[in-house]
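Bear in mind that the values here come from a model prediction, so they are computed numbers and not experimental data.
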Amino acid sequence: MPLFTRTKEQVPCTVEVSHRFESLHAHVRFDNGAVIHPGDEVLVHGAPVMAAYGELIVEHREATITRASTLERWWTRLTGDLEFMELCEFSFSEELTV
């Protein structure tokens, strides 16, 4: 693994979005068994998946995994415990306007 450079990998994935009373979730599963490590980034290609109330949508897409460099992975592990509370504040990257 390179010390300073990042690598990119294209992988097939399955996106599952549920907006039901029993479950509100969005999951991405890599169809080729790829594993995400600290510092890696994932970009799922395609239009946003919008599930109406009561729906469960499953779609097959392509994703790009940007692998962290060795230095970034080390830094993420070192500082990750300190930034744990930031996970309590989350948002989705796009805002839809109607």
Side-chain angles (χ1 to χ4, degrees):
M1 177 173 297
L3 183 61
F4 296 108
T5 58
R6 303 175 120 209
T7 58
K8 292 189 178 192
E9 176 181 344
Q10 297 284 349
V11 297
C13 66
T14 301
V15 177
E16 179 180 306
V17 178
S18 174
H19 187 189
R20 298 180 295 173
F21 177 77
E22 304 85 25
S23 178
L24 177 63
H25 69 262
H27 295 287
V28 175
R29 291 182 187 85
F30 300 112
D31 298 338
N32 68 348
V35 178
I36 300 301
H37 299 286
D40 292 348
E41 298 175 6
V42 176
L43 174 65
V44 178
H45 302 285
V49 178
M50 303 295 293
Y53 184 77
E55 283 188 323
L56 170 67
I57 298 175
V58 177
E59 293 186 3
H60 297 283
R61 303 262 180 112
E62 286 290 318
T64 301
I65 301 173
T66 304
R67 299 287 182 188
S69 67
T70 304
L71 188 60
E72 287 174 313
R73 183 158 296 149
W74 175 80
W75 181 254
T76 301
R77 287 183 183 181
L78 181 68
T79 61
D81 292 337
L82 302 174
E83 297 175 359
F84 173 73
M85 290 309 295
E86 289 183 23
L87 293 176
C88 296
E89 297 179 21
F90 64 92
S91 67
F92 293 96
S93 60
E94 293 186 24
E95 181 176 312
L96 297 177
T97 56
V98 179

- request: Could you check if a side-chain atom of Asp40 sits within less than 4.5 angstrom of a side-chain atom of Arg73, using non-hydrogen atoms only?
  value: yes
Minimum-distance pair of heavy atoms, taken over all atoms of Ala34 and Ile65: CB-CD1, 3.9 Å
Acceptor/donor pairs from residues 41-49 side chains to any protein atom, 3.5 angstrom cut, sequence neighbours excluded:
unit_1: Glu41; atom_1: OE2; unit_2: Arg6; atom_2: NH2; d: 3.3
unit_1: His45; atom_1: NE2; unit_2: Thr64; atom_2: OG1; d: 2.6

query: Should Val28 and Ile36 be regarded as members of a common hydrophobic cluster, given that ILVMFWY residues are connected when their side-chain heavy atoms come within less than 4.5 Å of each other, either directly or indirectly?
result: yes
- request: Write out all pairs satisfying salt bridge (charged side-chain N to carboxylate O under 4.0 Å, His left out) with one or both partners inside residues 45-57, taking only residues at least two apart or from two chains.
  value: none
- prompt: Do Trp75 and Leu71 share a hydrophobic cluster, counting only Ile, Leu, Val, Met, Phe, Trp and Tyr and linking them when any side-chain heavy atoms are less than 4.5 Å apart?
  reply: yes
- prompt: Met50 and His19: side chain to side chain contact (heavy atoms under 4.5 Å, CB included), yes or no, with the steps?
  reply: CA-CA 9 Å; Met50 303 295 293; His19 187 189; over 6 Å; no
- prompt: Could you give the distance from CZ (Arg67) to CD (Glu9), rounded to the nearest 0.5 Å?
  reply: 4.5 Å
query: Say you draw a straight line from NE2 of His37 to CD of Glu72; how long is it, rounded to the nearest 0.5 Å?
result: 14.0 Å
query: Can you name the salt bridge (Lys or Arg N to Asp or Glu O under 4.0 Å) partners of Arg29, sequence neighbours left out?
result: Glu16
- prompt: Shortest non-hydrogen contact from Ser18 to Ser23?
  reply: OG-O, 2.9 Å
query: Excluding sequence neighbours, so at least two apart, what forms ring pair (Phe, Tyr, Trp, His ring centres under 6.0 Å) with His25?
result: His27
- request: Could I get the full list of ring pair (Phe, Tyr, Trp, His ring centres under 6.0 Å) partners for Phe21, not counting sequence neighbours?
  value: none
- line: With sequence neighbours left out, the residues meeting salt bridge (Lys or Arg N to Asp or Glu O under 4.0 Å) with Arg20 are none
task: May I ask you to test the Ser69-Thr5 pair for a side-chain heavy-atom distance under 4.5 Å?
output: no
